[in-house]
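Below is one structure, written out as structure tokens, with a few remarks after it.
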Amino acid sequence: MNSNPQEDQLRDLFGELKRADDQCTPSFETDWVAAGSSKRHALFAELRYGRLAAALLIIVGVVALLSHERSEKRSMALRIKSQPTANIDSNAEPAPASLDTWQSPTAFLLKEPDEWDQTARPIDGSSGLFPSTQPHPRHST
Amino acid sequence: MSFGAADDGMDDQGLREQLEKHHRESFGWALSCCGRDRQRAEDVLQRSYLKVLEGRARYEDRGAFKTWLFAVIRTTARDERRREALHRVGLLRYEARIRASPAPNGDGAGDALDRARLRDALVAALNKLPARQREAMQLVFYHDMSVSEAADVLGISLGSARTHYERGKQSLRTHLGAEGIQ
């Protein structure tokens with residue numbers, strides 16, 4: 001690079017700045033030691049964070065285990081409560097039939113007369129079939 | 001010369017020798033990257049050494065060690081700047097203080113200005129330059145680097161570095177002229 005007077009002047013100015021900076025440059029030892037201690041601090045910080053994370057994990061695990069056990073106990077108690085008590089009280093009414101099998105007491109009216117004998121019983125409790133075998137008096141004459 | 005894992009004792013020793021050799025220059029460059037703030041420059045230099053020690057910055061035998069180290073310092077200073085946005089307030093105060101200082105008489109730099117004022121005038125003029133031009137000026141005139149080496153430090157092409165260098169010189173002369181330094 002060719003130098004010219006203007007560049008030389010700039011170089012002188014920068015040289016002056018450099019001399020002043022040199023006087024206040026910290027020693028290499030200071031900065032090197034500081035960097036080394038920062039490295040150690042960073043290492044310790046990492047270790048600290050590692051320990052903290054491990055402790056948190058353990059706490060979360062214990063809490064999860066306890067809550068799981070508690071919910072197990074609760075569901076067990078609910079299951080015991082909902083068990084049928086038939087063995088204890090034999091005179092208790094039978095459990096109501098489900099909706100799928102339930103029939104209205106007058107459902108037989110919707111059926112054909114020849115089906116009545118299979119589904120209905122006379123109200124008076126007689127064993128005879130009613131009324132498919134009994135022709136109506138009005139029709140018989 | 002190649003520095004591998006920072007945990008290796010041999011490499012650490014070589015690394016230390018190289019860093020110690022360039023320490024003064026590195027501090028000067030850190031000062032430039034930190035707006036002439038000595039405290040920050042020292043922090044940046046220590047962080048740069050830490051990066052090298054931890055192996056986060058690795059010299060891989062490409063180009064000069066000094067060029068690589070300067071690039072590390074520059075990157076560290078830039079990261080630090082981003083982190084410490086509040087520091088800009090301090091820098092603005094510093095610039096205001098420089099501007100508030102009385103203007104020189106203009107009887108020639110050597111007669112009218114003492115050395116301290118010359119330095120202040122140069123720093124003030126440098127602070128008025130765009131970052132790239134300021135960096136190019138610092139690398140070439142302060143650290144005696146070639147424009148090509150400056151381009152390596154700045155991570156830009158040689159042509160771009162030349163442009164910054166020429167424009168920087170021109171602007172610096174203009175600003176110094178305004179300060180009475182012809």
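In what follows, chains carry the letters A, B, and so on, assigned in the order in which the sequence lines appear, proteins first and then strands, with residues in each chain numbered from 1.
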With a 4.5 angstrom heavy-atom cut-off, is it the side chain or the backbone of B:Phe27 that approaches chain A, or both, or neither? side chain
Measuring from B:Arg24:CZ to A:Thr25:OG1, what's the distance to the nearest 0.5 Å? 5.5 Å
Anything under 30° is parallel, anything over 60° is perpendicular, the rest tilted; go ahead and classify B:His23 against A:Phe28. perpendicular
Counting C-beta onward and ignoring hydrogens, is there a side-chain heavy-atom pair between B:Arg38 and A:Asp21 closer than 4.5 Å? yes
Please check if the number of heavy atoms outside B:Arg132 that lie under 6.0 Å from its CZ is greater than 12. yes
Which heavy-atom pair separates A:Phe14 from B:Phe141 by the least distance, and what is that distance? CD1-CB, 3.2 Å
Is there a chain of hydrophobic side chains (I, L, V, M, F, W, Y, each step under 4.5 Å between heavy atoms) that links A:Leu56 to A:Leu65? no
d(A:Asp31 CG, B:Asp43 CG) to nearest 0.5 Å is 9.0 Å
B:Arg173 versus chain A, the contacting section by heavy-atom distance below 4.5 Å: side chain
Give the member of A:Gly36, A:Gly15, A:Ser27 that has the highest number of heavy-atom pairs under 4.5 Å with chain B. A:Ser27
Cluster check A:Val33, B:Val44: I/L/V/M/F/W/Y, side chain < 4.5 angstrom: no
Heavy-atom check, side chain of B:Val140 versus side chain of A:Leu10, under 4.5 Å: no
Drop me the distance from A:Cys24's SG to B:Glu42's CD, to the nearest 0.5 angstrom. 9.5 Å
Under a 4.0 Å threshold between the charged nitrogen and the carboxylate oxygen, would A:Glu29 count as salt-bridged to B:Arg16? yes
Point-to-point distance, once rounded to the nearest 0.5 Å, from CG of B:Leu45 to OG1 of A:Thr30: 11.0 Å
Chain A contact via B:Gln138 - which portion, at a heavy-atom distance below 4.5 Å: both
Should B:Ile73 and B:Leu50 be counted in the same cluster of Ile, Leu, Val, Met, Phe, Trp and Tyr side chains packed under 4.5 Å apart? no
Chain A contact via B:Leu172 - side chain, backbone, both or neither, heavy atoms under 4.5 Å: side chain
Give a yes or no on whether B:Val153 and B:Leu19 share a hydrophobic cluster (residues Ile, Leu, Val, Met, Phe, Trp, Tyr; joining criterion: side-chain heavy atoms under 4.5 Å apart). yes
Looking at A:Arg11 and B:Asp144, is there a salt bridge between them, counting it only when a charged N and a carboxylate O are closer than 4.0 Å? yes
Can you tell me how far the NE2 atom of B:His143 sits from the NZ atom of A:Lys18, to the nearest 0.5 Å? 7.0 Å
Treating B:Arg119 as the side-chain partner and A:Leu17 as the backbone partner, does any N or O pair qualify as donor plus acceptor under 3.5 Å? no
